[in-house]
2 protein chains.
Amino acid sequence: MSIAIKISLNEGLYLKEPQDSKLGRKIMQYSIEMIDEFGFEAFTFKKLAQKINSTEASIYRYFENKHLLLLFLVNWYWEWVNYLIGINTMNIANPKEKLKIVVHSIVSASKEDPGVAYVNENKLHNIVISEGNKAYHTKDVDQENSKGFFKSYKALATAVSKVISEVNPNFEYPYTLATNLFEMSNNHIYFAQHLPRLTDVAAHKNKADELETMLNYFVDKLLS
Amino acid sequence: MSIAIKISLNEGLYLKEPQDSKLGRKIMQYSIEMIDEFGFEAFTFKKLAQKINSTEASIYRYFENKHLLLLFLVNWYWEWVNYLIGINTMNIANPKEKLKIVVHSIVSASKEDPGVAYVNENKLHNIVISEGNKAYHTKDVDQENSKGFFKSYKALATAVSKVISEVNPNFEYPYTLATNLFEMSNNHIYFAQHLPRLTDVAAHKNKADELETMLNYFVDKLLS
DNA sequence: TTTAAAATGATAGTATTACTATCATAAATA
DNA sequence: TATTTATGATAGTAATACTATCATTTTAAA
C-alpha cells in the first residue's frame, strides 16, 4: 500500500496542474534542482527544457513564467509545513508543548519524508531560504494577493498565531511573532551560512538544533 | 554655510564614484525614483538613461550592472542609518534609553533630512523595504561578501548588538536581535501595506509609531 | 590660453531572455 | 477506431544586458 500525498494549491498559480502528469512532475523536480543549484536569477525555462529533454513551449503550458513557478514551489512548501504542523500537534493538549512542536516542525520540515518522489524537500527548503522572499517582493504583490497567491503562507501564519495565543492570550502580536518565526528561521540559516556576522547561530555546528534552541528562547521570553 | 554629507562606500560597489559628478548624482537620484516607482525587476539602465537624457553606456561607466547599483543604494541607506544612530545616541549614558533611540532611528531614519539633495531618503527607504533583501539573496553572496559588499550592514548590526549587550550583557543573541530589528522593521511595514494578514501592525494608522511600539515591546521583553 | 586628459554622447552590435504562434506527432480516452 | 489532449519541433519577436568604437564636450594642467 502506498499513500500518495498531493498538495492542492491555488489554481491561479499554474496553467495546468503539474502534479497530474509526468512532464509536470519533471518540471517540479528539476526546477527545484536547478534553482537550488544555480539560483533563481540564472534559472530559465530554456535551460530547464534542455535538462529534461522537453521544450520551452511545453513548460509554458504549465506555468505562465518562472516567477509563478517559484510562487508555486514556495506555496507547496508552506502547505507542506502547515500539513506537518497539523499532524505533529494533533492530540497535543498542552499549548506550550504544542508551540515547541510547531517550532520544531518549522525548523525541521525538510527532514521529514512525505514520500513525494518528485519533490526534494531539502532542496526546496534551500530555495525557500534563499529565494523565498522574492515570492512576495514584487510590484504585483497586491494583484497577486487578491488572487489568493499567498493564501498558503497566510494560513500557516494564522495556524501558528493561534497556538501562540493559546499559550498567552494576552500577547498582542501573535501574527507578528508567527511570521517572524518563519523569517528568522530562514534568515538565520542563511546568515549562518553566508553572512555569519549577522547572526549568533554558528556556521559550523548543527545549525538546525541551534536555531531551534534560539527560536524557543525567543518564544519563551516573549510569551512569558 | 552648508555642510555636505558624503557617505563613503566600498569601492568595489561602483566603477566610478557617482557622488562626485553631476551625472553620477543624477543616476543615484533617478534610479531611486524609478526603482521605487516601477520596482527593481522592471528597472533597466536603458530606461534610466532615457529619463535623464543620457545613454546606457554612460551609466555602465558608473555601475557594472543594476544589481551593484542596488547594492550601492542599500549600503548607502545602511550607512546613513548607522550615522544617524551614532549622532542620536551620542552622549546618552543610559543603555536602555540608548536602545530606544536606536529603535527610533531605525524606524524613522527616512524622516530625518540629511541635506543630500540627490537622495530622497523616503523613497530609498521604500526600496530598502521592498527590494532590500534582494541585495544579499543572490548566488554570488559569498564572493560579494568577501569583497566587503555587506560591510555597511554588518557594521550596523555590530553597532546595534553592542547597545543590546550593554542593556543586558547576559543576553545570548545580540546579533540575531540586532538584524531581526532591521528585518522586522522592513517586513512589517511591507506586510502592513501589502499582506496585512501577516502582521499585527495595522495598515491604516500611523504605521511607524505602531511599529516602533511593537519593536520596543519585543526588545524589552527579550532583554528583561 | 592652449593643450592634454577625462567624461560623456552617439551609435552599433551581440548573445540571451522571455515569451508567442503554428503545425506535426504521440499518447490517452471514449 | 476515432478523437481529444498532450507534447515536440521549429520559428519568430521584442526586450534585456551588456560591449565596443569613435566623436564631442568639459575639465584641469601646463
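Sequence lines set the chain letters: A, B, ... in the order given, protein chains first and strands last, and positions in each chain run from 1.
Remark: A/Asn88 pairs with A/Leu84, A/Ile101, A/Ser105, A/Glu112 by the side-chain contact (heavy atoms from CB on, under 4.5 Å) rule, at least two apart or across chains. Checked against side chain to side chain donor-acceptor pair (under 3.5 Å), B/Asn91 has no partners two or more places apart in sequence or in another chain. B/Ala57 pairs by the side-chain contact (heavy atoms from CB on, under 4.5 Å) definition with B/Thr55, not counting sequence neighbours. A/Asn53 meets the side chain to side chain donor-acceptor pair (under 3.5 Å) test with no other residue; sequence neighbours excluded. In this view, A/Lys111 and A/Ser108, A/Ala208 satisfy the side-chain contact (heavy atoms from CB on, under 4.5 Å) rule, not counting sequence neighbours. For A/Phe43, the ring pair (Phe, Tyr, Trp, His ring centres under 6.0 Å) criterion is met by no residue, not counting sequence neighbours.
Between B/Tyr173 and A/Phe218, the ring planes lie tilted relative to each other; the angle falls in the 30° to 60° range.
Scanning residues 47-57 of chain B for heavy-atom distances under 4.0 Å to DNA chain D yields B/Lys47, B/Glu56, B/Ala57. Near DNA chain C, meaning a heavy atom under 4.0 Å from it, residues 63-74 of chain B has no residue at all. Of all the residues in residues 19-29 of chain B, B/Ser21, B/Leu23 reach under 4.0 Å from DNA chain C with at least one non-hydrogen atom.
Dashed line: the shortest gap from a side-chain N or O of A/Lys16 to OP1 or OP2 of D/dT7 is under 4.0 Å. Note on B/Tyr62: every side-chain N or O is 4.0 Å or more away from OP1 and OP2 of C/dA7.
Listed nucleotides: D/dA17, C/dG9, C/dC23. Nearest to the side chain of B/Arg61: C/dG9. Distances were taken from every side-chain heavy atom of A/Thr44 (C-beta onward) to each of D/dC22, D/dT7, C/dT17; the shortest belongs to C/dT17.
Protein atom CZ of B/Phe45 is 8 Å distant from nucleotide atom P of D/dC18, rounded to whole Å. Rounded to whole Å, the distance from CG on A/Leu15 to C1' on D/dT5 is 16 Å. Rounding to whole angstrom units, NZ of residue A/Lys46 and P of C/dT20 are separated by 16 Å.
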>> One character per nucleotide, please: for nucleotides 25-30 of chain C, 5' to 3', B when the base has a protein heavy atom closer than 4.0 Å, S when only the sugar-phosphate does, - otherwise.
In response: ------
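The residue from B/Tyr60, B/Phe63, B/Tyr62 that alone fulfils the ring-ring contact (aromatic ring centres under 6.0 Å, His included) condition with B/Phe45 is B/Tyr60.
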Under 3.5 Å, side-chain donor or acceptor atoms of residues 188-195 of chain A against the rest of the protein: list the pairs with distances, not counting sequence neighbours.
| unit_1 | atom_1 | unit_2 | atom_2 | d |
| --- | --- | --- | --- | --- |
| A/His188 | ND1 | A/Thr199 | OG1 | 2.7 |
| A/Tyr190 | OH | B/Tyr136 | O | 2.6 |
| A/His194 | ND1 | B/Asp142 | OD1 | 2.7 |
| A/His194 | ND1 | B/Asp142 | OD2 | 3.3 |

Kindly list each side-chain donor-acceptor pair under 3.5 angstrom involving residues 152-162 of chain A, sequence neighbours excluded, with atom names and distances?
| unit_1 | atom_1 | unit_2 | atom_2 | d |
| --- | --- | --- | --- | --- |
| A/Ser152 | OG | A/Asn75 | OD1 | 3.0 |
| A/Ser152 | OG | A/Glu79 | OE2 | 2.8 |
| A/Tyr153 | OH | A/Glu183 | OE2 | 2.9 |
| A/Lys154 | NZ | A/Asn145 | OD1 | 2.7 |
| A/Thr158 | OG1 | A/Lys154 | O | 2.8 |
| A/Ser161 | OG | A/Ala157 | O | 3.4 |
| A/Ser161 | OG | A/Thr158 | O | 2.8 |

>> Does B/Lys6 form a salt bridge (Lys or Arg N to Asp or Glu O under 4.0 Å) with B/Asp20? I'd like the steps, not just the answer.
In response: CA-CA 9 Å; B/Lys6 187 185 149 193; B/Asp20 283 350; 3.1 Å; yes
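A salt bridge links B/Glu41 with B/Lys134: the distance from a Lys NZ or Arg NE/NH1/NH2 to an Asp or Glu carboxylate oxygen falls below 4.0 Å.
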